[in-house]
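Everything quoted here is computed from the prediction, not taken from an experiment. So that the names make sense, note that chain A is the first sequence line, chain B the second, and so on, each numbered from 1.
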Protein chains: 2
Amino acid sequence: MLTDRQKELIEKIGLVHEQEGLSPAVSRVLGLLLVSDQIELTFDEIRETLNLSKSATSNALNIAMKINRVEYITKPGDRKRYFRSKIHLWRENLMADYRKKACWADILKEVCKCRCSETKEFNHALTDLVDFVEYMSQEIPRLYKCWEQDKTK
Amino acid sequence: MLTDRQKELIEKIGLVHEQEGLSPAVSRVLGLLLVSDQIELTFDEIRETLNLSKSATSNALNIAMKINRVEYITKPGDRKRYFRSKIHLWRENLMADYRKKACWADILKEVCKCRCSETKEFNHALTDLVDFVEYMSQEIPRLYKCWEQDKTK
DNA sequence: TTTTTAGTTCTGCAACAAGAGAACTAAAAT
DNA sequence: ATTTTAGTTCTCTTGTTGCAGAACTAAAAA
């Protein structure tokens, strides 16, 4: 079902996902749905190829769906669910990650307001950081738009 | 020692740090070193203001130093260490986070090489994603340089 | 030399996460 | 009506994390 190369890639993808905080099972499911020749796989196909228990498979798939990385479709006259990667959303998820950093600007601005005026250098580094976070939070979405435009032309 | 507002901010900062994967103790130490009027605090000052045990304080500080968020200085004729936020490095740490995403481009390119040619739409979404990740990984450092230049002028 | 200081390390516990296996469930097939 | 299918949920085990409290250590002070 899977070549050695594919298995290797699943592990490689798995490791990076684990570093990003996902569990081994979820990480491997995401990997499998990227490298598999069939992009739509059933519960049991996933369970078997990854050697997971039913519970682990069920939980992993539900988590993967909750974090918007996997969805399933059904086929007429077939009770099984066919799970597949929501790969077209990955880009949005990446952007969401970038955007999450923006909240630091607001928090750090609040800190600035409360800081005593004696610590000049520190306060300056703080406002500098706020400026940086605001700059990046503003420019990164702009970059995104640029990329989209480049693509359409 | 701390106003209510400062305590509030420590918790607020703490929560965001926890969401980023740090433990409660480390998260609060980082918060304290941002909001405290004295930017250099001793072990015992940190321990007392945060109501931590010695071991928790020790571990939290060592972790905070390992992740490059805190350092300590010493003063002549004083055995105590004075811990302080490495706030000027935060910017770099943020960039490091951004840069970490770049590795997906390489992995996903490997996936592209192994994919069967039947799944045209999927493969296209994949190469599209690779292109996006590469674009962002290239442009974000450029943004950084722009920000630095804007600042000096 | 003994005591104090400024931490570190060890021990133990409570809480939680990951996953296996078995029991369960609801719909569909027979 | 009963069996099969396609999962879900429960129970249990194992491992990990976060922290407190106590024991420890190495350098400095008395």
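Of the residues near DNA chain C, A/Gly77 and A/Val26, the one whose nearest nucleotide (by heavy atom distance) lies more toward the 5' end is A/Val26.
Rounded to whole Å, atom P of D/dA6 lies 13 Å from atom NZ of A/Lys75. The CZ-P distance, from B/Arg47 to C/dA6, rounds to 12 Å in whole Å. To the nearest angstrom, P of D/dA20 lies 14 Å from CD of B/Glu48. Counting to the nearest Å, the C1' atom of C/dA18 and the CG atom of A/Leu50 are 15 Å from each other. What separates CD1 of B/Ile63 from P of D/dG18 is a distance of 7 Å, to the nearest Å.
For B/Tyr135, the OH atom counts as densely surrounded, since its 6.0 Å shell holds more than 12 non-hydrogen atoms of other residues, nucleotides or ligands. B/His124 NE2: 12 or fewer foreign heavy atoms inside a 6.0 Å radius.
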Output one line per pair: protein atom, nucleotide atom from nucleotides 7-11 of chain C, and distance, for all N/O pairs under 3.5 Å.
residue, atom, partner, partner atom, Å
C/dG7, OP1, B/Arg81, NE, 3.4
C/dG7, OP2, B/Arg81, N, 3.2
C/dG7, N7, B/Lys54, NZ, 2.3
C/dG7, O6, B/Lys54, NZ, 2.8
C/dT8, OP1, B/Arg81, NH2, 3.1
C/dT8, OP2, B/Ser58, OG, 2.5

Enumerate the protein-to-nucleotides 15-17 of chain D contacts in which both atoms are nitrogen or oxygen and the separation is below 3.5 Å.
none

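Between the side chains of B/Trp104 and B/Glu134, no donor-acceptor pair of N or O atoms lies under 3.5 Å.
Clustering ILVMFWY residues whenever any of their side-chain heavy atoms sit less than 4.5 angstrom apart, transitively, puts B/Met95 in a cluster other than the one holding B/Leu89. A/Val16 and A/Ile63 fall within a single hydrophobic cluster, where Ile, Leu, Val, Met, Phe, Trp and Tyr are joined by side-chain heavy atoms under 4.5 Å apart, directly or via other members.
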- Message: What verdict does the side-chain contact (heavy atoms from CB on, under 4.5 Å) test give for B/Lys86 and B/Val70, after you've listed the backbone C-alpha separation in whole Å, the side-chain angles of each residue and the deciding distance to 0.1 Å?
- Response: CA-CA 5 Å; B/Lys86 288 178 89 164; B/Val70 164; 5.6 Å; no
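Using the six-membered ring where Trp is involved, B/Phe132 and A/Trp147 have ring planes that are perpendicular, over 60° apart on the 30 and 60° scheme.
Counting non-hydrogen atoms under 4.0 angstrom, B/Ala25 reaches the backbone sugars and phosphates but no base. Residue contacts shown for A/Asp78 are absent, as no nucleic acid heavy atom lies under 4.0 Å away.
Under a 4.0 Å N-O distance rule, the pair A/Lys100/B/Glu20 does not qualify as a salt bridge.
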Under 3.5 Å donor-acceptor pairs involving side-chain atoms of residues 30-38 of chain B, not counting sequence neighbours:
residue, atom, partner, partner atom, Å
B/Ser36, OG, B/Gln38, N, 3.2
B/Ser36, OG, B/Gln38, O, 2.6
B/Asp37, OD1, B/Gln6, NE2, 3.2

